[in-house]
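Notes for the one structure printed next.
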Amino acid sequence: MKPAVVAAGVDRALAHCAELARISSLQDGIERLHLSPEHKLANALVAGWMREAGMETWQDAAGNQCGRLEGRTPDLPALVLGSHLDTVTDAGAYDGMLGVMLAIEVVDRVRRSGRDLPFALEVIGFSDEEGTRFGTALLGSRAFAGTWDDALLTLTDRKGTTLADAARAFGLDPARIGDAARRPEELIGYLETHIEQGPHLEDADRALAAVSSIAGARRFALTVTGRAGHAGGTPYDRRRDALVGAAEVIVEIERIAKETGTIGTVGRVRAFPGGINVVPGVARLSLDLRGEFDEQRDGAWDRIDAFARTVCERRGLGWQVEEFYRADAVPCDGRLRAAVEDGIRATGDAEPTVLWSRAGHDGMAVAAVTDIAMLFLRCGNGGISHHPDETVTAADVAAALDAFEAAVLAVADQRSR
Ligand code: GLV
Ligand code: MN
Ligand code: MN
């Protein structure tokens with residue numbers, strides 16, 4: 001049986017996830033967007049929990065919520081633990097949030113144990129991993145990593161609010177978001193715990209995995225243009241139906257992705273003018289394309305693009321491509337990954353499972369400033385995520401917390417060798 005303090009940490013992490021789930025812009029369901037009033041409330045709540053765990057706290061210039069526990073001596077470089085506090089629309093309660101809550105619990109354990117680590121511990125709740133509001137992901141972690149670009153300030157949300165205005169309304173100075181950048185010498189690495197968001201651990205009957213790499217992703221806004229016309233009066237041989245052309249492309253995206261071992265998702269389709277009795281003149285689709293290796297993903301895109309051009313030519317349609325997001329695949333650092341594997345072994349799993357992450361994570365951006373590694377824990381219901389049915393068990397969360405703590409101690413051991 002686990003000592004009471006361990007159970008308390010697990011229960012508290014889960015209770016905190018439940019409390020965060022109530023901070024939502026939806027009446028029914030979870031949605032917490034970057035730079036929203038809900039983001040502000042979540043940061044304040046999380047800052048309080050960080051302080052209870054013994055950390056000094058601050059919100060950085062990009063709206064990331066940060067906390068710090070000093071190491072053996074003040075001002076040592078930090079091992080950063082964290083994940084994100086923003087969500088997709090109609091989200092689950094664990095994607096991102098659980099990683100931040102477990103990071104706080106690891107700090108709480110380290111402080112209570114009186115251990116003097118050869119580095120400071122920082123916890124960060126990133127402000128935007130999902131990109132739900134402005135369509136471009138990793139805004140908080142890019143600012144942290146020093147790859148912020150002021151051109152991002154002109155991005156707009158669905159209501160037409162620019163990122164610059166949203167930052168002002170949140171209380172940030174848009175001209176200073178780049179000041180959130182950390183210097184490599186202030187950091188020794190970044191460790192993130194996250195639910196797997198897929199079925200592999202559940203299928204393998206394992207609680208935990210070390211992550212080998214994070215998939216590279218490209219996102220496109222695709223437009224097929226034809227000509228609108230009367231649904232009854234336009235004969236088939238004269239139609240230039242943009243949506244039917246788009247449909248052919250969508251089916252081929254799935255075929256090419258399966259064949260190349262990549263993952264292609266068309267998550268948004270809109271037809272214009274959108275009349276029930278009007279041949280669609282324009283179809284707009286989104287494409288999210290991922291692969292374990294960038295060349296594999298890029299090869300799949302080249303085939304999709306070539307196929308779409310052929311279809312559009314055959315059907316007398318136009319084809320336009322706007323790529324609005326690109327993040328290359330990021331391998332986890334060997335030493336940090338070894339520490340994560342040691343952490344998993346400390347829970348009694350002698351042969352840690354290793355998975356590559358199909359989902360994107362803040363570590364992709366953070367890797368520009370410091371080494372990264374990740375620990376995955378099983379999520380139930382077939383690994384469903386980005387969905388309210390996202391679920392974890394307390395036993396798996398307990399294993400993840402033990403492994404996360406042991407991984408931090410393994411990093412400390414590595415550094416004293
Ligand atoms: C983020 O969750 C992503 O993988 O899109
Ligand atoms: Mn997500
Ligand atoms: Mn996530």
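Numbering of ligands and ligand atoms starts at 1, following listing order.
- Put simply, the angle at the Mn ion (ligand 2) from NE2 in His386 to OE1 in Glu130 is close to 90°, to the nearest 10°.
- Of the charged side-chain nitrogens involved, at least one lies within less than 4.0 Å of a carboxylate oxygen, so that Glu341 and Arg337 count as a salt-bridged pair.
- Among protein heavy atoms, the minimum distance from atom 3 (C) of ligand 1 is reached at Arg290 NH2, 3.3 Å.
- Counting backbone and side-chain atoms alike, His361 contributes no N/O/S atom closer than 2.8 Å to the Mn ion (ligand 3).
- If you look at Arg358 next to ligand 1, there are no close heavy atoms at all, none under 4.0 Å.
- Thr89 and Glu31 share a donor-acceptor pair across their side chains, judged by distance under 3.5 Å alone.
- The pair Asp298-Arg218 counts as a salt bridge, with a side-chain nitrogen and a carboxylate oxygen less than 4.0 angstrom apart.
- Ion pair Arg378/Asp205 flagged as a salt bridge, since at least one NZ, NE, NH1 or NH2 atom sits closer than 4.0 Å to an Asp/Glu carboxylate oxygen.
- Neither the backbone nor the side chain of His361 comes within contact range of ligand 1; no heavy atom lies under 4.0 Å.
- For the Mn ion (ligand 2), the nearest N, O or S atom contributed by Asp95 is named OD2.
- Residue Glu129 does not count as close to the Mn ion (ligand 2), with no N, O or S atom under 2.8 Å.
- Between Asp349 and Arg206 a salt bridge is recorded (basic side-chain N to carboxylate O distance below 4.0 Å).
- Contacts of Arg219 with ligand 1, taken as heavy-atom pairs under 4.0 Å, involve the side chain alone.
- Ionic pairing of Arg109 and Asp402 is present here: one or more N-O contacts between side-chain nitrogen and carboxylate oxygen are shorter than 4.0 angstrom.
- Against a heavy-atom cut-off of under 4.0 Å, His386 is close to the following atoms of ligand 1: 1 (C), 2 (O).
- The existence of a salt bridge linking Arg133 and Asp86 is excluded, since no basic side-chain nitrogen approaches an acidic carboxylate oxygen closer than 4.0 Å.
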